Q: 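Below are the structure tokens for one structure; questions will follow.
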Amino acid sequence: MTNNLVIVESPTKVKTIKKFLGKNYDVIASNGHVRDLPKSTMGVDVENDYEPKYITIRGKGEKLAELKRHAKKAKKVYLATDPDREGEAISWHLFNAMKLDPKTTYRITFNEITKDAIKESLKNPKEIDMDLVDAQQARRVLDRVVGYSISPLLWQKIKRGLSAGRVQSVALKMVCDREEEIDSFIPQEYWDMDVVLNNGKKDFKASFYGDKNGKVEITGKEQLDEIIEELKGSDFSVSTVKHGSRTRKAPLPFTTSTMQQEASKALNFSTQKTMRIAQQLYEGVDLKKRGTVGLITYLRTDSTRVSDTAAAQAKAFIEENYGEQYLAKGAGKKSSSKKIQDAHEAIRPTDVNITPDEVKSQLSRDQFRLYQLIWKRFLASRMDNAKYETINARITAGEYEFRAATSKVDFDGFMKVYVQKEEKVSTDKVIAKLEKGDELNFVEFEENQHFTQPPAHFTEAALVKALEEQGIGRPSTYAPTISTIIARRYVTKEKKNLYVTEIGQAVNNVMKEMFSVIVDPSFTANMESLLDAVENGKMQWKDIIRNFYPDLEKQVKTAEEELEKIEIADEESDEICEECGRRMVIKYGPYGKFLACPGFPDCRNTKPYLEKVGVPCPKCGKDVVYRRTRKGRTYYGCIDNPDCEFMSWQKPSTEKCPECGGYMVEKGKKLACADPECGYVEIIEKKDE
């Protein structure tokens, strides 16, 4: 018994940590969890106070035996899994599965894989935090009872192979709700008008604002023409010029959520890719002269706290490379509003002196881009705000007012190293020279017609932001939740946008109808608060399950009774099987509906299913059918495609537009002309039943 044993989760960490600890330590990876609930059954003993039935994960027997052999030889065993609920639970499972001696077993955590952090953790070992473990158990059992209770109902209602999850069902509902908003959105016309003026030397533009009573919105061409008519012959003069300043605050360092959002916008990374690359940077990268180095701190965090050591290091770097004037006021000091003993920090470089340029040649392209983003964001968070000089001029003409504005950067501050997409700012030098009382020459009006836009489709980044804002999920759950609903084909991704598929819509409808509480965002957010209470030692984890499961069980029984009354038989179609003459039936597959011969397995003929919507094609008069993109998004197209190229995201109507004669589309409870420039809208009258 000469060596100490350190057990980590990932094999990648082994090499990095072994280098720091030397010959007296063996470092072995558990490769994640070694125990979990069984896949074949719920694995929760409802009759025995919801006791979880953990088993050794299939294929992990040899790994567990290897860990036990090393533990028997070791003087001390250090469980060094990740510093969060999941990591704490892995350590607890290892302790129990390996039957370790509590007198010689210690729990250590570190927020970064650096020599100092690991040495410090060994000096301050602790016991396994059972509050963290229980919070993880509560989440795991909750998700298991929801999934294993509801999924069989989805198999009956829709098709085998589908699943329901506590958080994924809420995320799916949010995407579906956004899709409904977009489909029912009616665009409203509006106009903007600029006037081109001349100060005697150069032309510049001013935007229409309103009249003496305040701002005026121009909602139609007729209103615009009236304003222009009233302005004819008017004198344009500068009524006021206001000089001012504004500040752009330095950004906070990254949390998991903000890192995922910014990587999506700036690098076009999916949430899953961002987390995968960040994991590589955290666990360690081989660098020349330095060896294997963990480049960033722990990647699953909702904290923006920065340690005193890191703050001091950043302060010295900024002073040396940019000058003292670039330091944030009070840089390096902790805010009293922060939790000083917070276990996690923000995501930051482990050593700010390892610049992106220094390691660029030793990282993959994606590793470099993400590391550069994290490095710049952290450094910017320790720098001073950017400051602008602004000039706003008001220009009057008759009863109306126009406005012109310009600004320039007075001090770039944090923007020296980190620039996000900025709002468009005029930098017109002519406006800067305007003075009160200046008479201006009219050149021309510039008119632009616009239509209000529907809410944007969710992107992965926008969905992460929405989940975080509503308190749904935690840093470690965002990426897997979104990946799951995409993998299940409930949601499809085209370019950056997320769209609901036919299967996703069907699953969401069942969940809303049968389990409205589970898909209520406020319920899920409240459940997260309860899990936090368990983590903080203020609540017993089984109390959550005791209060939740009986209601779920009742809902499932009610749903089972209703589902039994609904016979979901294969629907016959008008199509005749050309191979055996039987009438083909409609079936559901992973990609939606298709036609199959009912004579299976004797006849295996299948073909695409084109469901008619009862509307003639506006272009050729043939049937309009439901179609799907390659990624599963539903749209309406002509049955004669590709000879007829008609398509519409909204369902076309048999009604013709009374204004222009074009075809109309259904938008919620309204009919709208498909031509946005026409803009005709009418309410769909309810038919008497």
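Because the structure is a prediction, the values reported are computed rather than measured.
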Q: Show your reasoning for whether side-chain contact (heavy atoms from CB on, under 4.5 Å) applies to T459 and N497.
A: CA-CA 5 Å; T459 61; N497 291 337; 3.7 Å; yes

Q: Would you kindly say whether R35 and Y54 are connected by a side-chain donor-acceptor distance under 3.5 Å?
A: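 R35 vs Y54: no donor-acceptor pair found between side chains.
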
Q: Taking the six-membered ring for Trp, are Y326 and F411 ring centroids under 6.0 Å apart?
A: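 Yes, the ring centres sit under 6.0 Å apart.
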
Q: Might you point out which heavy atoms bring Q260 and Y478 nearest each other, and give the distance in Å?
A: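 Smallest heavy-atom distance, with atoms named: OE1-CB, 3.6 Å.
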
Q: Charged N to carboxylate O under 4.0 angstrom, R474 versus D532?
A: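 Judged by the 4.0 Å cut-off on N to carboxylate O distance, R474 and D532 do form a salt bridge.
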
Q: Apply salt bridge (charged side-chain N to carboxylate O under 4.0 Å, His left out) to K273 and E460, showing your working.
A: CA-CA 11 Å; K273 181 175 181 178; E460 288 193 33; over 6 Å; no

Q: What is the minimum heavy-atom distance between I17 and F110, and which atoms define it?
A: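 Taking every non-hydrogen atom into account, CD1-CZ, 3.9 Å.
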
Q: Which distance, rounded to the nearest 0.5 Å, do you find between the NZ of K76 and the CG of N4?
A: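 If we round to the nearest 0.5 Å, K76:NZ and N4:CG are 6.5 Å apart.
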
Q: Which atoms form the tightest heavy-atom contact between S257 and V464, and what is the distance?
A: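 Looking at all heavy atoms of both residues, the closest pair is OG-CG1, 3.6 Å.
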
Q: Can you give me the closest heavy-atom contact between T484 and P480, atom names plus distance?
A: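 Closest approach of T484 to P480: OG1-O, 2.7 Å.
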
Q: Do you see a donor-acceptor pair shorter than 3.5 Å between the side chains of R488 and S163?
A: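 Checked: R488/S163 side chains pair up, N/O donor to acceptor below 3.5 Å.
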
Q: Supply the atom-to-atom distance T255 OG1 to D302 CG, rounded to the nearest 0.5 angstrom.
A: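 T255 atom OG1 to D302 atom CG measures 7.0 Å (nearest 0.5 Å).
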
Q: For K315, is there any backbone N or O sitting under 3.5 Å from a side-chain donor or acceptor partner on R382?
A: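 Answer holds: no.
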
Q: Is the distance between the ring centroids of F317 and W375 under 6.0 Å?
A: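 Judged by ring-centre distance (under 6.0 Å), F317 and W375 do meet the cut-off.
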
Q: Should the pair R546-D543 be classified as a salt bridge under the 4.0 Å nitrogen-to-oxygen rule?
A: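 Salt bridge between R546 and D543, a charged N being under 4.0 Å from a carboxylate O: yes.
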
Q: Ring centres of Y549 and Y50 under 6.0 Å apart?
A: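 Ring-ring flag for Y549/Y50: true, centres closer than 6.0 Å.
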
Q: Could you give me the CA-CA distance, side-chain angles and deciding distance for R166 and D143, then say whether salt bridge (charged side-chain N to carboxylate O under 4.0 Å, His left out) is met?
A: CA-CA 6 Å; R166 186 177 58 86; D143 292 343; 2.8 Å; yes

